[in-house]
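The structure under discussion appears below in the form of structure tokens.
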Amino acid sequence: MVRISNALGLVILMVALLILSLISYVSIRKDSILSSTKYDNMGGPPRIMFHAGFRSQFALNFLDPSFIPLTHALNEELQGKPSKWTFNRTFICHLQKEIFHYIDVANNFSLTKNGVRVGQLMHFDFSSHKYVFSINNNLKSLLPDASPIQNKHYNVCAVVGNSGILTGSHCGPEIDSADFIFRCNFAPTDSYYKDVGRKTNLTTFNPSILERYYNNLLTIQDRNNFFLNLKKLEGAILWIPAFFLHTSATVTRTLVDFFVEHKGQLKIKLAWPGNIMQDVNRYWKTKNLSLKRLSTGILMYTLASAMCEEIHLYGFWPFGWDPNTGKELPYHYYDKKGTKFTTKWQETHQLPSEFKLLYKMHGEGVTKLSLSHCS
Ligand SMILES: *[C@@H]1O[C@H](CO)[C@@H](O)[C@H](O)[C@H]1NC(C)=O
Ligand SMILES: *[C@@H]1O[C@H](CO)[C@@H](O)[C@H](O)[C@H]1NC(C)=O
Ligand SMILES: *[C@@H]1O[C@H](CO)[C@@H](O)[C@H](O)[C@H]1NC(C)=O
Ligand SMILES: *[C@@H]1O[C@H](CO)[C@@H](O)[C@H](O)[C@H]1NC(C)=O
């Protein structure tokens with residue numbers, strides 16, 4: 001009896017030791033995994049790199065060795081050689097087929113009335129699976145009957161990012177001459193039309209915009225402001241990624257109520273994408289862009305690829321200096337004068353890697369990336 005209990009005690013002790021050693025092994029692994037992702041997030045050793053005031057050549061060289069050929073190509077292109085640049089149709093068709101292989105863009109562009117049921121629980125692409133959002137009658141009533149981009153095809157599309165590089169670019173008329181114009185995050189155009197154009201056919205609208213710029217619609221004035229800014233977009237598509245982050249859940253309810261209350265007063269087309277990011281990410285991963293969060297710009301490019309023959313990109317430049325002049329730039333073209341370039345996006349996005357890929361695609365003739373002033 002004694003012997004058995006001794007043996008049992010020994011076994012228990014050994015199991016306990018084994019568990020302890022496993023725990024410490026896991027925690028060491030976790031540390032090294034965490035620190036390595038932290039490093040990756042910054043795209044190499046930088047952090048110093050993106051503070052305003054660094055000049056292009058210097059900063060780019062320090063950034064990441066793989067950026068050096070890019071700097072040279074950029075310099076060559078920006079100085080001299082006016083663009084002999086043409087679209088490579090064969091390549092574009094090939095790329096479109098590739099994208100469609102991963103994501104059914106037209107169908108995934110928006111949830112539809114028939115595609116959801118009241119009480120259905122949605123999850124969030126970038127949040128823990130525990131967070132849910134239940135679809136109610138109001139939201140369902142705002143969904144389109146069919147995808148707004150089904151069977152829509154345009155020759156030239158402009159996708160306008162919000163980079164400060166647009167300031168003083170005089171690209172407004174060129175952007176407005178496109179057949180379909182994508183904009184990001186409800187960016188203002190009124191006071192900047194010379195550089196960014198007046199027309200909009202689609203703009204993304206992250207629900208958190210209500211929190212940041214419209215005080216959660218808490219006062220009559222906030223509601224009026226919001227209503228008037230929506231009025232300016234008559235006919236356009238408001239693309240609302242409400243199911244990316246759980247932090248937008250509450251404000252999404254506010255947004256839904258507002259649209260229900262103003263039904264019939266706004267001729268704006270609402271589109272509500274579901275959980276599409278896994279598919280979108282899977283595609284960009286094949287281009288070696290494997291990021292935790294793709295930027296709105298890359299996402300717009302993905303949508304545009306389903307509707308557009310030629311895609312022209314404006315305002316895609318994630319650095320704090322002007323590649324033409326070396327002068328400091330604000331982060332957004334609509335930032336107040338004197339606003340310093342921010343490095344905040346490093347926490348969530350890896351814009352330099354995205355830029356590098358877009359620039360490569362520019363070189364291949366599958367998209368046109370506009371970085372200099374428009375004539
Ligand atoms: C267009 O792209 C294809 C690859 O899809 C390539 O083989 C071809 O050489 C390119 N054409 C031009 C004119 O660059
Ligand atoms: C994307 O489209 C496919 C094909 O129509 C569909 O089966 C899938 O449910 C859609 N996913 C989302 C998130 O809309
Ligand atoms: C795009 O929007 C402009 C106004 O902003 C409008 O004149 C034009 O018809 C729209 N194009 C399409 C294809 O909807
Ligand atoms: C992605 O990276 C791998 C390994 O570095 C390389 O073999 C492959 O050609 C790259 N693919 C693209 C599309 O650049």
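Because only heavy atoms are used, hydrogens play no part in the values below, and waters and symmetry mates are left out as well, while side chains stay in. Whatever order the structure lists ligands and atoms in, that order sets their numbers, starting from 1.
Aromatic rings from Tyr333 and Tyr192 are positioned such that their centres are separated by under 6.0 Å.
Every atom of ligand 3 with a heavy atom of Asp179 under 4.0 Å away is listed here by number and element: 11 (N), 13 (C). Residue-ligand proximity, Asn107 to ligand 2, at heavy-atom distances under 4.0 Å covers atoms 2 (O), 5 (O). Residue Thr200 approaches ligand 3 through these ligand atoms, each under 4.0 Å from one of its heavy atoms: 2 (O), 5 (O). Residue Tyr154 has at least one heavy-atom neighbour below 4.0 Å for each of these atoms of ligand 3: 13 (C).
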**OP:** For salt bridge (Lys or Arg N to Asp or Glu O under 4.0 Å), just list the numbers for Arg89 and Glu310, CA-CA rounded to whole Å, side-chain angles, deciding distance to a tenth of an Å, and then say yes or no.
**Re:** CA-CA 9 Å; Arg89 303 238 167 259; Glu310 295 181 9; 2.9 Å; yes
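For atom 9 (O) of ligand 1, the nearest protein heavy atom lies 4.0 Å or farther away.
Under the side-chain hydrogen bond (donor to acceptor under 3.5 Å, both in side chains) rule, Arg183 has a single partner from Thr203, Thr200, Thr296, which is Thr200.
Contact check on Arg223 versus Glu261 returns a salt bridge, with a Lys/Arg side-chain nitrogen under 4.0 Å from an Asp/Glu carboxylate oxygen. Classification of Asp322 and Lys327 as a salt-bridged pair fails, no side-chain N sitting under 4.0 Å from a carboxylate O.
Note that Arg198 lies in the cation-pi zone of Tyr193, set by a 6.0 Å cut-off to the ring centre and a 45° limit from the axis. For the pair Arg253 and Phe258, the NZ or CZ position fails the cation-pi test of under 6.0 Å to the six-membered ring centre and within 45 degrees of the ring normal.
Backbone and side-chain nitrogen or oxygen atoms of Asp104 are examined, and one is located within less than 3.5 angstrom of a nitrogen or oxygen of ligand 2. For ligand 1, the polar-atom distance check against Thr90 finds no nitrogen or oxygen pair separated by under 3.5 Å.
Of the protein's non-hydrogen atoms, the one nearest atom 13 (C) of ligand 2 is Asn275 O, 3.5 Å. Annotation: atom 14 (O) of ligand 2 to nearest protein heavy atom, Asn108 ND2, 3.0 Å. For atom 11 (N) of ligand 1, the nearest non-hydrogen atom of the protein is Asn88 ND2, 2.9 Å. Protein heavy atom closest to atom 6 (C) of ligand 3, with residue, atom name and distance, is Asn201 ND2, 4.2 Å.
Of all heavy-atom pairs between Ser305 and Phe100, the closest is O-CZ, 4.2 Å.
Contacts between Ile181 and ligand 3 below 4.0 angstrom, taking non-hydrogen atoms only, are absent altogether.
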